[in-house]
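Written out below as C-alpha coordinates is the structure these notes cover.
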Amino acid sequence: DAKTTQPTSMDCAEGRAANLPCNHSTISGNEYVYWYRQIHSQGPQYIIHGLKNNETNEMASLIITEDRKSSTLILPHATLRDTAVYYCIVRVDGAGTASKLTFGTGTRLQVTL
Amino acid sequence: NAGVTQTPKFQVLKTGQSMTLQCAQDMNHNSMYWYRQDPGMGLRLIYYSASEGTTDKGEVPNGYNVSRLNKREFSLRLESAAPSQTSVYFCASSFAGGGGGKQYFGPGTRLTVT
(Lines give C-alpha, C1' and ligand atoms only; values in the text may rest on other atoms or scores of the structure.)
Protein backbone atom coordinates (compact mmCIF):
# COMPACT_ATOMS: atom_id res chain seq x y z
CA ASP A 1 0.00 0.00 0.00
CA ALA A 2 1.16 3.55 -0.75
CA LYS A 3 2.68 5.66 2.00
CA THR A 4 0.84 8.76 3.20
CA THR A 5 2.08 12.03 4.72
CA GLN A 6 -0.09 14.21 6.97
CA PRO A 7 0.63 17.26 9.13
CA THR A 8 1.16 16.39 12.76
CA SER A 9 -1.45 18.80 14.08
CA MET A 10 -3.96 21.45 13.04
CA ASP A 11 -6.31 23.87 14.77
CA CYS A 12 -9.76 24.96 13.66
CA ALA A 13 -12.32 27.36 15.12
CA GLU A 14 -15.69 25.88 15.93
CA GLY A 15 -18.17 26.46 13.12
CA ARG A 16 -15.49 26.88 10.49
CA ALA A 17 -14.52 24.31 7.88
CA ALA A 18 -11.63 22.02 8.78
CA ASN A 19 -9.50 21.07 5.79
CA LEU A 20 -7.15 18.16 6.49
CA PRO A 21 -4.57 17.45 3.77
CA CYS A 22 -2.94 14.14 2.91
CA ASN A 23 -0.13 13.48 0.47
CA HIS A 24 0.03 10.07 -1.23
CA SER A 25 2.30 10.72 -4.20
CA THR A 26 3.09 7.03 -4.79
CA ILE A 27 -0.54 5.91 -4.99
CA SER A 28 -1.26 3.37 -7.70
CA GLY A 29 -4.30 3.17 -9.93
CA ASN A 30 -6.21 0.57 -7.93
CA GLU A 31 -5.66 2.10 -4.49
CA TYR A 32 -8.45 3.86 -2.63
CA VAL A 33 -8.07 6.72 -0.16
CA TYR A 34 -9.71 6.08 3.22
CA TRP A 35 -10.16 8.43 6.15
CA TYR A 36 -10.69 7.38 9.74
CA ARG A 37 -10.68 9.32 12.98
CA GLN A 38 -10.00 8.40 16.58
CA ILE A 39 -11.61 10.45 19.30
CA HIS A 40 -9.57 10.43 22.51
CA SER A 41 -8.84 6.76 23.25
CA GLN A 42 -11.86 5.24 21.53
CA GLY A 43 -11.69 2.82 18.61
CA PRO A 44 -11.14 4.41 15.18
CA GLN A 45 -14.24 5.45 13.27
CA TYR A 46 -14.61 5.22 9.49
CA ILE A 47 -15.37 8.57 7.84
CA ILE A 48 -15.25 8.31 4.06
CA HIS A 49 -13.34 6.79 1.15
CA GLY A 50 -12.89 7.35 -2.57
CA LEU A 51 -10.96 6.30 -5.66
CA LYS A 52 -10.77 9.34 -7.94
CA ASN A 53 -14.06 11.20 -7.77
CA ASN A 54 -14.91 13.56 -4.98
CA GLU A 55 -17.15 12.01 -2.36
CA THR A 56 -19.53 13.42 0.24
CA ASN A 57 -21.48 11.84 3.04
CA GLU A 58 -23.18 13.02 6.20
CA MET A 59 -19.87 13.37 8.03
CA ALA A 60 -17.48 14.92 5.53
CA SER A 61 -16.34 15.56 1.97
CA LEU A 62 -13.31 14.03 0.31
CA ILE A 63 -11.55 15.93 -2.46
CA ILE A 64 -8.98 13.96 -4.48
CA THR A 65 -6.73 15.81 -6.91
CA GLU A 66 -6.87 14.86 -10.57
CA ASP A 67 -3.45 13.20 -10.45
CA ARG A 68 -4.55 11.43 -7.22
CA LYS A 69 -1.31 12.32 -5.48
CA SER A 70 -3.05 14.17 -2.68
CA SER A 71 -6.44 14.54 -1.05
CA THR A 72 -8.24 16.76 1.44
CA LEU A 73 -10.82 15.76 4.01
CA ILE A 74 -13.27 18.57 4.68
CA LEU A 75 -15.41 18.84 7.81
CA PRO A 76 -17.75 21.64 6.72
CA HIS A 77 -18.74 22.98 10.13
CA ALA A 78 -16.34 21.70 12.77
CA THR A 79 -17.59 21.26 16.32
CA LEU A 80 -15.76 20.52 19.55
CA ARG A 81 -16.78 16.88 19.14
CA ASP A 82 -14.67 16.72 15.97
CA THR A 83 -11.48 17.09 18.03
CA ALA A 84 -9.65 13.85 17.22
CA VAL A 85 -6.73 12.26 15.40
CA TYR A 86 -7.51 11.86 11.70
CA TYR A 87 -5.86 9.10 9.69
CA CYS A 88 -5.47 9.05 5.91
CA ILE A 89 -4.95 5.50 4.61
CA VAL A 90 -4.37 4.23 1.10
CA ARG A 91 -5.19 0.63 0.26
CA VAL A 92 -6.20 -1.68 -2.55
CA ASP A 93 -9.85 -2.71 -2.56
CA GLY A 94 -11.59 -5.54 -4.32
CA ALA A 95 -12.61 -9.15 -3.99
CA GLY A 96 -9.87 -11.44 -2.79
CA THR A 97 -7.62 -8.73 -1.37
CA ALA A 98 -6.51 -8.82 2.23
CA SER A 99 -8.32 -6.00 3.96
CA LYS A 100 -5.43 -4.68 5.99
CA LEU A 101 -5.31 -1.04 7.08
CA THR A 102 -1.94 0.61 7.73
CA PHE A 103 -2.30 3.48 10.19
CA GLY A 104 0.33 6.20 10.41
CA THR A 105 0.40 8.76 13.20
CA GLY A 106 -2.31 10.94 11.62
CA THR A 107 -3.21 14.60 12.14
CA ARG A 108 -4.35 15.76 15.54
CA LEU A 109 -7.19 18.23 14.93
CA GLN A 110 -8.02 20.57 17.79
CA VAL A 111 -11.32 22.44 17.43
CA THR A 112 -11.52 25.50 19.66
CA LEU A 113 -14.21 27.97 20.69
CA ASN B 1 -27.20 -4.12 17.42
CA ALA B 2 -24.08 -3.84 19.61
CA GLY B 3 -21.52 -3.70 16.76
CA VAL B 4 -18.10 -4.92 17.92
CA THR B 5 -17.72 -5.80 21.58
CA GLN B 6 -14.51 -6.57 23.46
CA THR B 7 -13.84 -8.07 26.85
CA PRO B 8 -12.29 -7.24 29.20
CA LYS B 9 -12.05 -3.43 29.07
CA PHE B 10 -9.00 -3.33 31.35
CA GLN B 11 -6.48 -5.95 32.46
CA VAL B 12 -3.28 -5.98 34.47
CA LEU B 13 -0.98 -8.97 34.10
CA LYS B 14 2.31 -9.96 35.58
CA THR B 15 5.15 -10.93 33.27
CA GLY B 16 4.74 -14.54 32.17
CA GLN B 17 1.00 -14.75 32.78
CA SER B 18 -1.36 -15.68 29.98
CA MET B 19 -4.73 -14.32 28.98
CA THR B 20 -7.24 -14.28 26.15
CA LEU B 21 -8.90 -11.15 24.78
CA GLN B 22 -12.37 -11.76 23.43
CA CYS B 23 -14.03 -10.03 20.49
CA ALA B 24 -17.48 -10.52 18.99
CA GLN B 25 -19.42 -8.78 16.22
CA ASP B 26 -23.10 -8.95 15.32
CA MET B 27 -22.96 -7.38 11.83
CA ASN B 28 -22.55 -10.67 9.92
CA HIS B 29 -19.09 -9.56 8.77
CA ASN B 30 -16.75 -12.08 7.16
CA SER B 31 -13.44 -10.54 8.22
CA MET B 32 -12.08 -9.72 11.65
CA TYR B 33 -8.86 -8.08 12.84
CA TRP B 34 -6.74 -7.48 15.92
CA TYR B 35 -4.68 -4.27 16.23
CA ARG B 36 -2.52 -2.85 18.97
CA GLN B 37 -1.89 0.82 19.68
CA ASP B 38 1.06 1.99 21.74
CA PRO B 39 1.07 5.50 23.26
CA GLY B 40 1.37 8.24 20.63
CA MET B 41 1.42 5.73 17.79
CA GLY B 42 -0.95 4.59 15.09
CA LEU B 43 -2.57 1.17 15.13
CA ARG B 44 -0.58 -1.85 14.03
CA LEU B 45 -2.17 -5.05 12.75
CA ILE B 46 -1.40 -8.16 14.79
CA TYR B 47 -3.50 -10.86 13.10
CA TYR B 48 -6.52 -10.96 10.89
CA SER B 49 -9.08 -13.47 9.69
CA ALA B 50 -10.31 -12.83 6.16
CA SER B 51 -13.10 -15.37 6.57
CA GLU B 52 -14.28 -18.01 9.00
CA GLY B 53 -11.69 -20.78 9.22
CA THR B 54 -8.70 -18.70 8.10
CA THR B 55 -6.19 -16.58 9.99
CA ASP B 56 -3.12 -14.70 8.84
CA LYS B 57 -0.28 -12.77 10.43
CA GLY B 58 -0.21 -9.02 10.31
CA GLU B 59 2.64 -6.61 10.97
CA VAL B 60 3.41 -7.57 14.60
CA PRO B 61 2.30 -11.19 15.29
CA ASN B 62 5.12 -12.34 17.59
CA GLY B 63 3.96 -13.30 21.07
CA TYR B 64 0.31 -13.71 20.06
CA ASN B 65 -2.03 -16.43 18.84
CA VAL B 66 -5.56 -16.10 17.50
CA SER B 67 -8.63 -18.27 17.10
CA ARG B 68 -11.56 -17.61 14.81
CA LEU B 69 -14.09 -19.47 16.90
CA ASN B 70 -17.01 -18.93 14.50
CA LYS B 71 -18.19 -16.16 12.21
CA ARG B 72 -18.97 -13.85 15.14
CA GLU B 73 -16.00 -14.37 17.43
CA PHE B 74 -12.24 -13.81 17.12
CA SER B 75 -10.00 -14.18 20.15
CA LEU B 76 -6.41 -13.06 20.79
CA ARG B 77 -4.21 -14.98 23.20
CA LEU B 78 -1.04 -13.91 24.96
CA GLU B 79 0.68 -17.11 26.10
CA SER B 80 3.42 -15.48 28.19
CA ALA B 81 2.87 -11.75 28.63
CA ALA B 82 5.82 -9.36 28.45
CA PRO B 83 6.03 -5.65 29.41
CA SER B 84 6.47 -4.84 25.70
CA GLN B 85 2.91 -6.05 25.17
CA THR B 86 1.51 -3.24 27.33
CA SER B 87 -0.82 -1.54 24.88
CA VAL B 88 -4.41 -0.88 23.90
CA TYR B 89 -5.85 -3.69 21.82
CA PHE B 90 -8.58 -3.05 19.28
CA CYS B 91 -10.68 -5.60 17.46
CA ALA B 92 -12.37 -4.71 14.18
CA SER B 93 -14.58 -6.37 11.61
CA SER B 94 -15.62 -5.77 8.00
CA PHE B 95 -17.16 -7.37 4.99
CA ALA B 96 -14.64 -9.24 2.87
CA GLY B 97 -13.18 -8.12 -0.44
CA GLY B 98 -14.33 -4.78 -1.78
CA GLY B 99 -15.94 -3.73 1.49
CA GLY B 100 -12.95 -4.58 3.58
CA GLY B 101 -11.56 -1.09 3.90
CA LYS B 102 -14.59 0.01 5.89
CA GLN B 103 -13.85 -1.52 9.26
CA TYR B 104 -15.83 -1.21 12.46
CA PHE B 105 -13.81 -1.06 15.65
CA GLY B 106 -14.54 -2.11 19.19
CA PRO B 107 -13.89 0.09 22.25
CA GLY B 108 -10.54 -1.50 23.04
CA THR B 109 -8.90 -3.46 25.86
CA ARG B 110 -6.30 -1.61 27.89
CA LEU B 111 -3.61 -4.09 28.93
CA THR B 112 -0.77 -3.40 31.33
CA VAL B 113 1.97 -5.98 31.88
CA THR B 114 4.15 -5.40 34.94
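Here is the naming used below: chain letters follow the sequence lines, and residue numbers restart at 1 for every chain.
A:I74 and A:I64 fall into different hydrophobic clusters, where Ile, Leu, Val, Met, Phe, Trp and Tyr are joined by side-chain heavy atoms under 4.5 Å apart, directly or via other members. Side-chain heavy atoms closer than 4.5 Å link hydrophobic residues (I, L, V, M, F, W, Y) into clusters, and following such links, possibly through other members, connects B:V60 to B:Y64. The cluster map of Ile, Leu, Val, Met, Phe, Trp and Tyr, joined by side-chain heavy atoms under 4.5 Å apart, puts B:Y89 and B:M41 in different clusters. Note: the hydrophobic cluster containing B:L21 also contains B:F74 (ILVMFWY, side chain heavy atoms under 4.5 Å, direct or indirect links). Both B:F90 and B:Y33 are part of a single hydrophobic cluster, where members link through side-chain heavy atoms under 4.5 Å apart.
Interface remark: B:E59 contributes no atoms to any contact with chain A (heavy atom separation under 4.5 Å).
In terms of heavy-atom proximity, B:R110 sits nearest to A:Q42 at NH2-N, 4.5 Å.
The shortest side-chain heavy-atom distance between B:V88 and A:S41 does not fall under the 4.5 Å cut-off. Looking only at side-chain heavy atoms (C-beta outward), A:F103 and B:L45 stay at 4.5 Å or farther from each other. For the pair A:T102/B:R44, no side-chain contact is recorded, criterion being any heavy-atom separation below 4.5 Å from C-beta on.
By the 6.0 Å contact criterion, CZ on B:R77 is enclosed, its count of non-hydrogen atoms from other residues, nucleotides or ligands being greater than 12.
Interatomic distance, B:L43 CG to A:I89 CD1, rounded to the nearest 0.5 Å: 8.5 Å.
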When you look at A:L101 and B:Y35, which way does the side chain to side chain contact (heavy atoms under 4.5 Å, CB included) test go after all the steps? CA-CA 10 Å; A:L101 296 176; B:Y35 294 87; 3.5 Å; yes
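Screening A:Y34, A:Y46, A:Y36 against B:Q103 for a side-chain contact (heavy atoms from CB on, under 4.5 Å) leaves a single residue, A:Y36.
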